[in-house]
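What follows is one structure encoded as structure tokens, with my remarks underneath.
Remember, it's 1-based here, ligands and their atoms both numbered in the order they're listed. None of these values were measured; they are calculated from a predicted model.
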Amino acid sequence: MKTVVIVGSQWGDEGKGKITDYLAQDADVVVRSQGGNNAGHTITIDGEKFALRSIPSGIFNPNIQNIMANGMVIDPKQMLEELDGLVARGVKNFKLAISNRAHIVLPYHRDLDGAYESERGNRKIGTTKRGIGPTYADKANRIGIRIADLIDPVLFKEALENTLPVKNMELKMLGLKTYTVDDIYNEYIEYGKRIKKYVCDTSVLLNDEIEAGKKVLFEGAQGVMLCIDHGTYPYVTSSSPTASSVPLNTGIAPRYIDTVLGICKAYNTRVGEGPFPTEIEGDLATYIRERGHEYGTVTKRPRRVGYLDAVALNHARRVSGVNYLSLMLFDVLSGLKTLKICYAYELDGKQINYVPATISELERVKPVYVELPGFDEDITKVTSFDELPENAKAYIRKVEELTKTKVAMFSVGPDRKQTIQLVDLFNASSK
Ligand code: IMP
């Protein structure tokens with residue numbers, strides 16, 4: 001077992017960056033396969049905090065080959081700012097490869113993202129306004145511009161000449177400012193020059209690495225509930241954060257995926273709009289939000305907070321083939337009298353154990369909970385499962401029972417050292 005896919009099993013922000021960073025200590029390659037700078041991965045190394053958006057979390061380790069694969073949408077301006085910021089803080093000698101097939105986010109994508117949100121009024125999705133949706137829409141519409149175009153002056157100019165008339169019509173219709181070819185070309189061609197040295201066919205590189213027996217970690221962004229196909233549509237992102245999407249988004253065979261690690265908080269959060277069956281409000285929500293620092297990495301928005309939802313986790317297990325779970329921010333629950341886990345939904349008087357397809361149904365469901373006694377002990381210094389208080393152990397066992405999935409890791413604080421690994425994932429059975 002040499003490849004591990006990390007999948008957000010809730011609504012994003014589960015702590016994937018931390019686990020990627022932790023497992024990256026054992027990995028040779030770290031790959032970002034979808035999304036863009038809508039993601040925000042916070043990593044704490046020796047007390048120092050780093051917030052990554054589009055760059056893979058293996059960037060801190062000079063031995064790791066980092067790959068930004070074809071399924072990503074890359075904002076060249078933001079990505080270079082992010083890279084410059086890391087270099088300024090002493091991150092150097094990194095290995096980074098960027099797919100020539102990845103699509104690029106241009107200024108009009110960001111403008112359109114904002115405008116479409118305003119147009120939706122009270123049906124707004126609550127996007128990160130990073131232009132992600134409009135960039136994926138152009139890709140599907142076959143008017144997107146790719147990294148391979150950006151790094152070639154002739155191709156880039158041609159692509160802008162072909163695309164801008166259509167985009168300008170759209171911008172005009174929404175009352176937004178239009179762009180000339182030169183407006184974009186003169187600025188972005190410079191980004192292309194800087195990015196060029198990292199660009200290659202990352203599918204070839206990745207296949208070579210896998211065939212050479214290297215350990216590869218696929219770093220998920222967002223979460224299964226935000227999947228364009230399997231999430232709470234339309235309150236979703238515009239790509240698929242499932243493990244199933246990894247082969248397509250990176251150019252490898254499905255048989256190369258060995259283990260899928262689902263990352264979930266010991267509770268639940270969501271940013272942006274859309275139904276959230278186990279949402280809680282009031283003092284309890286504030287307690288969890290403050291202890292868990294539940295504010296968006298990218299937008300700083302306070303996150304909505306809820307109880308752990310095993311119906312959603314089972315959905316993630318089904319559509320993404322999750323073999324193991326990593327339970328994050330477990331320490332945040334300390335001090336709660338009662339711990340609740342939702343194991344079913346009640347929809348119009350009937351108990352169901354799946355996530356309904358429509359928003360109106362999902363808004364009507366009532367969570368059905370199992371209740372467990374809480375724990376008061378500070379668990380931030382725990383280094384093994386055995387050191388956990390009995391009630392905390394029982395919580396983990398209940399999560400395993402309700403999700404039919406083994407908890408392979410749990411986390412009791414932001415630092416790398418506060419991660420307890422119970423299964424060697426690169427050598428784990430995928431059954
Ligand atoms: P978009 O990806 O910017 O189009 O936003 C669509 C939805 O996905 C919004 O509800 C965002 O808040 C959510 N979203 C996108 N990326 C992330 C993420 O990395 N973590 C959590 N939510 C996200």
Side-chain angles (χ1 to χ4, degrees), residues 6-20 32-43 51-57 68 71-75 78 82 103 105 108-120 122-140 218-242 245 249 262-265 267-276 279 289 292-306 312 316 328-329 359 362:
I6 289 181
V7 167
S9 302
Q10 295 164 321
W11 275 275
D13 308 317
E14 299 91 350
K16 295 178 292 290
K18 180 186 169 180
I19 293 302
T20 306
R32 264 286 305 268
S33 62
Q34 44 73 227
N37 64 342
N38 48 348
H41 292 167
T42 310
I43 294 176
L52 296 174
R53 288 182 178 179
S54 54
I55 292 176
S57 300
M68 297 170 73
M72 284 190 78
V73 288
I74 299 170
D75 182 330
Q78 178 281 327
E82 186 176 334
H103 282 246
V105 181
Y108 51 79
H109 293 121
R110 288 191 297 266
D111 300 345
L112 289 169
D113 199 353
Y116 282 127
E117 279 289 86
S118 312
E119 286 296 313
R120 291 177 72 94
N122 59 9
R123 285 168 35 255
K124 75 176 183 342
I125 290 162
T127 76
T128 59
K129 301 203 176 137
R130 298 299 191 267
I132 306 299
T135 307
Y136 277 118
D138 279 4
K139 173 180 177 175
F218 294 92
E219 172 179 18
Q222 291 89 44
V224 171
M225 298 305 279
L226 292 170
C227 173
I228 182 93
D229 272 272
H230 297 288
T232 51
Y233 191 88
Y235 298 98
V236 292
T237 191
S238 301
S239 64
S240 173
T242 62
S245 79
N249 284 329
I263 315 294
C264 66
K265 284 179 178 159
Y267 47 96
N268 221 328
T269 60
R270 174 165 201 171
V271 265
E273 310 303 318
F276 184 15
E279 184 163 19
R289 185 176 300 115
H293 309 292
E294 295 296 356
Y295 294 88
T297 319
V298 177
T299 57
K300 311 284 175 228
R301 288 178 286 182
R303 294 182 185 138
R304 298 156 69 193
V305 173
M328 311 302 292
L329 291 123
I359 296 299
L362 203 53

Using salt bridge (Lys or Arg N to Asp or Glu O under 4.0 Å) as the criterion, list what pairs up with [X], not counting sequence neighbours.
| X | answer |
| --- | --- |
| E279 | R304 |
| R53 | none |
| E273 | K124 |

One line per pair, note the atom names and distance for all nitrogen or oxygen contacts under 3.5 Å between ligand 1 and the protein.
residue: ligand 1; atom: 2 (O); partner: N38; partner atom: ND2; Å: 2.9
residue: ligand 1; atom: 2 (O); partner: T237; partner atom: OG1; Å: 2.6
residue: ligand 1; atom: 3 (O); partner: T128; partner atom: N; Å: 2.9
residue: ligand 1; atom: 3 (O); partner: T128; partner atom: OG1; Å: 2.6
residue: ligand 1; atom: 12 (O); partner: G126; partner atom: O; Å: 3.4
residue: ligand 1; atom: 12 (O); partner: R301; partner atom: NH2; Å: 3.3
residue: ligand 1; atom: 16 (N); partner: N38; partner atom: O; Å: 3.4
residue: ligand 1; atom: 16 (N); partner: Q222; partner atom: NE2; Å: 3.2
residue: ligand 1; atom: 19 (O); partner: N38; partner atom: O; Å: 3.4
residue: ligand 1; atom: 20 (N); partner: D13; partner atom: OD1; Å: 3.1

So, do Q10 and F276 sit near enough that their side-chain heavy atoms are less than 4.5 Å apart?
no
Below 4.5 Å, heavy atoms only, C-beta onward: do V73 and Y136 meet side chain to side chain?
yes
Could you check whether R130 pairs with D75 (Lys NZ or Arg NE/NH1/NH2 to Asp/Glu carboxylate O, under 4.0 Å)?
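No, R130 and D75 are not salt-bridged.
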